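Below: the structure, in structure tokens.
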Amino acid sequence: MRARLDAERLDRLFFALSDAHRRDMLQRLGAGPASVSELAEPLGLALPSAVKHLAVLEQGGFVASTKTGRVRTYEVDPAAFDAMQAWVQRHKALLQAQFDRLDAYLVQQKAKARR
């Protein structure tokens, strides 16, 4: 069950990053919190489109929002990046082990060919 939840979370993380507008919004939020209109305007997005993109980022865990009056402000939540980094590290270690085994095999085959 936990593996399924982890897989679903990773799906949301990677899906959230699959769009250039969302990546641009995250980059802007790296400079500090911003309102929906501050995020939408430089990208040429209508506010409803920006809100939809921000909802995907929020579902992915990349941003958190607060509402003061009529203004919704977003900020980056670094926990999502930590989860992605952990996934990448695990897979990098697995791939490295496979390459190490391949390297050992090739060295062995080269030694056999010299005999």
Side-chain angles (χ1 to χ4, degrees):
M1 179 74 167
R2 178 176 165 84
R4 180 167 172 78
L5 291 175
D6 288 345
E8 289 173 1
R9 181 172 186 216
L10 282 170
D11 288 347
R12 286 191 307 272
L13 290 171
F14 285 109
F15 178 74
L17 293 179
S18 69
D19 182 86
H21 287 114
R22 292 192 288 267
R23 292 190 303 271
D24 289 344
M25 289 176 166
L26 275 177
Q27 185 173 352
R28 163 55 187 88
L29 289 170
S35 68
V36 175
S37 57
E38 291 171 330
L39 294 165
E41 193 260 326
L43 299 174
L45 291 175
L47 290 180
S49 294
V51 168
K52 288 180 182 179
H53 283 297
L54 288 162
V56 171
L57 288 171
E58 199 162 20
Q59 290 166 358
F62 285 103
V63 299
S65 68
T66 56
K67 188 171 182 180
T68 306
R70 294 178 53 173
V71 177
R72 183 164 295 278
T73 302
Y74 287 83
E75 62 184 327
V76 172
D77 183 351
F81 292 101
D82 294 340
M84 287 188 78
Q85 184 176 11
W87 182 85
V88 168
Q89 288 295 86
R90 276 194 312 273
H91 285 79
K92 183 178 177 181
L94 291 171
L95 286 173
Q96 190 60 51
Q98 289 176 341
F99 284 126
D100 289 345
R101 287 192 301 275
L102 176 60
D103 187 46
Y105 174 77
L106 294 174
V107 167
Q108 181 185 27
Q109 292 302 310
K110 190 175 182 179
K112 282 183 181 179
R114 287 185 184 164
R115 290 185 205 161

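Keep in mind it's a predicted model, so treat the numbers as computed, not measured.
With sequence neighbours left out, His53 forms a side chain to side chain donor-acceptor pair (under 3.5 Å) with Arg22. Thr73 meets the side chain to side chain donor-acceptor pair (under 3.5 Å) test with no other residue; sequence neighbours excluded. By the side chain to side chain donor-acceptor pair (under 3.5 Å) test, Arg72 is found to be paired with Ser65, residues two or more places apart in sequence or in another chain being considered. Annotation: ring-ring contact (aromatic ring centres under 6.0 Å, His included) contacts of Phe15 (sequence neighbours excluded): none. Every residue meeting the side chain to side chain donor-acceptor pair (under 3.5 Å) condition with Asp100, not counting sequence neighbours, appears here in chain and number order: Gln96. For Arg23, the side chain to side chain contact (heavy atoms under 4.5 Å, CB included) partners two or more places apart in sequence, or in a different chain, are Leu17, Ala20. In terms of the side chain to side chain contact (heavy atoms under 4.5 Å, CB included) criterion, residue partners of Ala83 (sequence neighbours excluded) are, by chain and number, Arg9, Leu13. When the side chain to side chain contact (heavy atoms under 4.5 Å, CB included) test is applied to Gln27, the partners found at least two apart in sequence or on another chain are Asp24. Listed by chain and number, the residues in a side chain to side chain contact (heavy atoms under 4.5 Å, CB included) with Arg114 are Lys110 (sequence neighbours excluded). Not counting sequence neighbours, Tyr74 has no partner by the ring-ring contact (aromatic ring centres under 6.0 Å, His included) test.
The two residues Arg28 and Ala34 have their closest heavy-atom pair at NH2-CB, 3.4 Å. Across all non-hydrogen atoms, the minimal contact from Ala50 to Val36 is CB-CG1, 4.0 Å. Among all heavy-atom pairs drawn from Pro42 and Ser37, the shortest one is CD-O, 4.5 Å. Nearest heavy-atom pair, Leu47 versus Ala40, reported as atom, atom and distance to 0.1 Å: CD2-CB, 4.0 Å. Considering all non-hydrogen atoms of both residues, Ser35 and Val71 come closest at CB-CG1, 3.9 Å.
To the nearest 0.5 Å, atom CG of residue Leu54 and atom CE of residue Met25 are 4.5 Å apart. Atom NZ of Lys92 and atom CD of Gln85 lie 10.0 Å apart (nearest 0.5 Å).
A continuous path of ILVMFWY side-chain contacts below 4.5 Å connects Leu45 to Leu29, so both sit in one hydrophobic cluster.
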Evaluation steps, side chain to side chain contact (heavy atoms under 4.5 Å, CB included), between Leu57 and Val63: CA-CA 6 Å; Leu57 288 171; Val63 299; 3.8 Å; yes

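Contacts classified as ring pair (Phe, Tyr, Trp, His ring centres under 6.0 Å) and involving residues 22-48 (residues at least two apart or in different chains) are not found. Residue pairs meeting the ring pair (Phe, Tyr, Trp, His ring centres under 6.0 Å) criterion with at least one partner in residues 89-113, sequence neighbours excluded, are Trp87-His91.
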